[in-house]
Amino acid sequence: MLQRHSANPILTRKSIPDVPPHLIDVSSVYNPGAIFWKGKHYLMLRTQARSRETFFMLAESDDGVDFKVQPKEIKFSNIPEHPKAFHYYDPRMTIIDGRCYIMFAVDFEDFCSLGLAVTDDFEHFEFVCYTKGTYLDTRNGVLFPEKVNGKYLCLERPNLAQEEGNPTSGDTITLSSSDDLINWEHQSNIISGRWRFWDERIGAGPPPIKTREGWLVVYHGVATHFSSSNIYQAGVLLLDLNDPSKVLARSRHNILEPREDYETIGQVANVVFPSGAIVSDYDNEGFALPDAEVKIYYGAADTSIGLATATISELILASQEPSGNPGS
Ligand code: BMA
């Protein structure tokens with residue numbers, strides 16, 4: 001249902017300039033955060049060096065399609081040396097009260113946590129904290145762009161499930177709230193994986209988009225019942241504007257699945273992983289317009305970056321149709 005851009009994949013390992021000593025002839029670039037800020041589109045890239053270490057880099061563009069990657073890695077100031085974090089990845093970017101926050105996954109020795117950083121100018125990036133919350137092992141943290149009923153909100157995906165030989169994963173997207181963006185408290189479970197359908201394991205994608213109909217949430221789902229590999233797809237949800245713990249609609253079908261070669265072949269085959277969205281137009285109260293175009297940026301096969309689009313109305317319709325909850 002999403003339309004792939006004809007320039008796909010819009011970023012590949014070849015788009016990444018060499019930055020000695022670590023980033024030389026890199027292996028891959030994928031799962032970017034995305035934001036529109038002062039007339040420019042920005043992507044925060046998950047770039048993987050041949051050491052298999054991950055580095056964040058910034059790419060910018062006037063049109064949201066043709067991106068230029070800055071020849072440096074993003075270094076957060078004030079980052080604590082302890083505890084030892086092995087790996088930062090899958091950044092999501094959200095503007096709250098005029099500041100751009102970045103929430104990302106952090107792998108420690110035995111668990112995954114959520115890190116938070118902030119920038120006011122896309123030159124300096126300051127580490128804020130490892131968030132403290134209900135779950136010790138959690139991923140796919142995504143901030144809402146504004147407070148709801150006086151609280152900051154975020155979606156997260158606690159890692160509670162594990163198949164033998166695989167890292168921990170999860171099949172529930174939860175809602176947490178906070179007064180300070182640092183300490184988070186579990187509010188409710190939003191959706192669970194639908195066993196034997198496209199979205200058995202799940203996690204939120206880009207930050208929720210505010211529309212007159214509700215909060216639009218693009219999420220990823222994983223079908224785990226194929227013998228050869230897991231298949232990562234995208235779908236869409238609509239949450240109540242004033243009470244986002246209420247799910248108004250959930251797409252029965254996926255809205256994007258791996259079909260093109262750059263999605264089916266790569267470091268991890270059969271993956272589309274939406275992580276950033278940029279909406280073309282909002283009204284003066286901050287609601288995305290029905291005809292606005294949504295650019296959805298996604299990791300393809302953990303190797304490169306794709307762009308796919310739809311209008312706000314098309315995404316809302318996709319969340320509602322075809323009706324009926326599979327498995328119910
Ligand atoms: C998920 C995360 C993503 C990755 C995806 C496919 O569990 O680790 O970063 O893109 O798997 O490998």
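Nothing here was measured: the structure is a model prediction, and the numbers come from that model. Both ligands and their constituent atoms are indexed starting at 1 by order of listing.
- Scanning R139, H87, R46, H220 for the heavy atom closest to atom 7 (O) of ligand 1 points to R139.
- Both tests pass for K84 against the ring of F86: distance under 6.0 Å to the centre and angle within 45° of the axis.
- Using a 4.0 Å cut-off between charged nitrogen and carboxylate oxygen, R212 and E285 count as a salt-bridge pair.
- Partner of L143 under the side chain to side chain contact (heavy atoms under 4.5 Å, CB included) criterion, out of L155, L153, L116: L116 alone.
- For ligand 1, the atoms sitting less than 4.0 Å from at least one non-hydrogen atom of D90 are 2 (C), 3 (C), 9 (O), numbered in the order shown with element in parentheses.
- Given atom 1 (C) of ligand 1, the protein heavy atom at minimum distance is Y232 OH, 3.5 Å.
- Every atom of ligand 1 is numbered from 1 in the order shown, and the set under 4.0 Å from a heavy atom of D302 is 4 (C), 6 (C), 10 (O), 12 (O).
- Side-chain rings of F76 and F104 approach one another, their centers coming within less than 6.0 Å.
- Annotation: Y89 places no N or O atom under 3.5 Å from an N or O atom of ligand 1; distance criterion only.
- Just one residue in the list W37, F122, F67 forms a ring-ring contact (aromatic ring centres under 6.0 Å, His included) with Y42, and that residue is F122.
- Between Y30 and ligand 1, no pair of N/O atoms sits closer than 3.5 Å.
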